[in-house]
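Since the structure comes first, as structure tokens, the remarks are kept for the end.
Residues: numbered from 1 along the sequence shown.
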Amino acid sequence: QVQLVESGGGLVRPGGSLRLSCAASGIYFSIYAMDWYRQAPGKQRELVATIRRGGSTTYEDSVKGRFTISRDNAKNTVYLEMNSLKPEDTAVYYCHGNPPDQLIADFWGQGIQVTVSS
């Protein structure tokens with residue numbers, strides 16, 4: 001059974017910080033690039049951050065310098081550290097496993113709410 005389970009979301013004040021975790025099971029975690037996406041109400045999903053197998057990272061421009069993606073392969077977990085949060089960061093955040101081979105299935109978590117509000 002493949003599962004990606006997000007945790008760590010919730011309500012934070014503008015300027016605050018939050019760390020999301022995504023724990024994977026049922027996949028060979030270390031071969032997957034891992035992504036965080038988000039979807040705000042009325043908007044399309046957008047790719048927030050990617051961390052590849054070797055540890056290189058990519059960020060969406062609006063979060064660069066504020067968010068950090070990391071992974072711990074021993075724990076089959078990917079993290080998203082979010083700092084200097086803004087109300088526009090409010091969204092459902094999704095963990096995504098992105099395989100190195102197009103013929104291998106990708107997987108999604110069910111999403112976790114992040115709300116930035118005073």
Side-chain angles (χ1 to χ4, degrees):
Q1 184 178 15
V2 176
Q3 291 188 70
L4 300 177
V5 181
E6 300 98 338
S7 62
L11 174 65
V12 295
R13 304 181 194 91
S17 297
L18 201 63
R19 186 170 76 167
L20 304 182
S21 299
C22 172
S25 62
I27 64 170
Y28 195 171
F29 180 80
S30 63
I31 72 169
Y32 284 75
M34 299 299 298
D35 307 315
W36 286 98
Y37 285 76
R38 67 185 180 187
Q39 186 166 21
K43 295 186 176 181
Q44 295 182 328
R45 289 188 308 275
E46 65 175 349
L47 178 61
V48 176
T50 295
I51 184 164
R52 287 166 281 276
R53 188 196 308 184
S56 64
T57 58
T58 305
Y59 297 93
E60 198 276 328
D61 286 344
S62 69
V63 309
K64 191 171 181 64
R66 299 189 297 122
F67 290 12
T68 302
I69 188 171
S70 61
R71 67 192 296 161
D72 186 340
N73 288 344
K75 296 181 179 179
N76 287 358
T77 300
V78 62
Y79 305 94
L80 186 68
E81 179 74 29
M82 303 183 293
N83 300 308
S84 301
L85 283 161
K86 305 173 181 179
E88 51 264 44
D89 295 317
T90 295
V92 176
Y93 284 71
Y94 297 90
C95 180
H96 176 245
N98 190 5
D101 189 327
Q102 295 179 175
L103 300 180
I104 302 174
D106 61 344
F107 298 97
W108 291 88
Q110 292 187 301
I112 189 164
Q113 180 70 45
V114 171
T115 301
V116 184
S117 177
S118 60

Is a donor on one side and an acceptor on the other found under 3.5 Å between the side chain of Q3 and the backbone of V5?
no
Could you measure the distance from the CG atom of D89 to the OG atom of S62? Nearest 0.5 Å is fine.
7.0 Å
Please report the interatomic distance CG(N98) to CD1(I51), rounded to the nearest 0.5 Å.
13.0 Å
Does CD in E88 sit with more than 12 non-hydrogen atoms of other residues, nucleotides or ligands closer than 6.0 Å?
yes
Gap separating the OG1 atom of T57 from the NZ atom of K64, nearest 0.5 angstrom
6.5 Å
Are the side chains of F29 and M34 in touch, meaning some heavy atoms are under 4.5 Å apart?
yes
CG (L11) and OG (S118) are apart, to the nearest 0.5 Å, by 9.5 Å
Which heavy atom of Q39 sits nearest a heavy atom of K43, and at what distance?
NE2-O, 3.0 Å
I'd like to know if the side chain of Y79 and the backbone of T68 have a donor-acceptor N/O pair within less than 3.5 Å.
no
Any donor-acceptor pair under 3.5 Å linking the side chain of T90 with the backbone of V116?
yes
All side chain to side chain contact (heavy atoms under 4.5 Å, CB included) counterparts of R52, not counting sequence neighbours:
A33, T50, S56, T58
Measure the shortest side-chain to side-chain distance between D35 and L47 over non-hydrogen atoms and say whether it is less than 4.5 angstrom.
yes
To the nearest 0.5 Å, what is the distance between CD on Q110 and CG on L4?
10.0 Å
What about V92 and W36, same hydrophobic cluster or not, with Ile/Leu/Val/Met/Phe/Trp/Tyr joined at side-chain heavy-atom distances under 4.5 Å?
no
May I have the step-by-step check of side-chain contact (heavy atoms from CB on, under 4.5 Å) for L18 and F67, ending in yes or no?
CA-CA 10 Å; L18 201 63; F67 290 12; over 6 Å; no
Kindly state each residue pair satisfying side-chain hydrogen bond (donor to acceptor under 3.5 Å, both in side chains) with at least one member in residues 12-27, sequence neighbours excluded.
S17-N83
Rounding to 0.5 Å, atoms CG (N76) and OG (S30) come to a distance of 8.0 Å
Is a donor on one side and an acceptor on the other found under 3.5 Å between the side chain of T77 and the backbone of K75?
yes
Pairwise side-chain contact, L20 with M82, heavy-atom cut-off 4.5 Å (strictly under)
yes
Can you list every ring-ring contact (aromatic ring centres under 6.0 Å, His included) pair that touches residues 83-116, not counting sequence neighbours?
Y37-H96, Y37-W108, H96-W108
Are E46 and R38 side-chain neighbours, meaning at least one heavy-atom pair lies under 4.5 Å?
yes
For a quick test of reading the model, state the closest non-hydrogen atom pair linking A91 to Q113 and the distance between them.
O-NE2, 3.4 Å
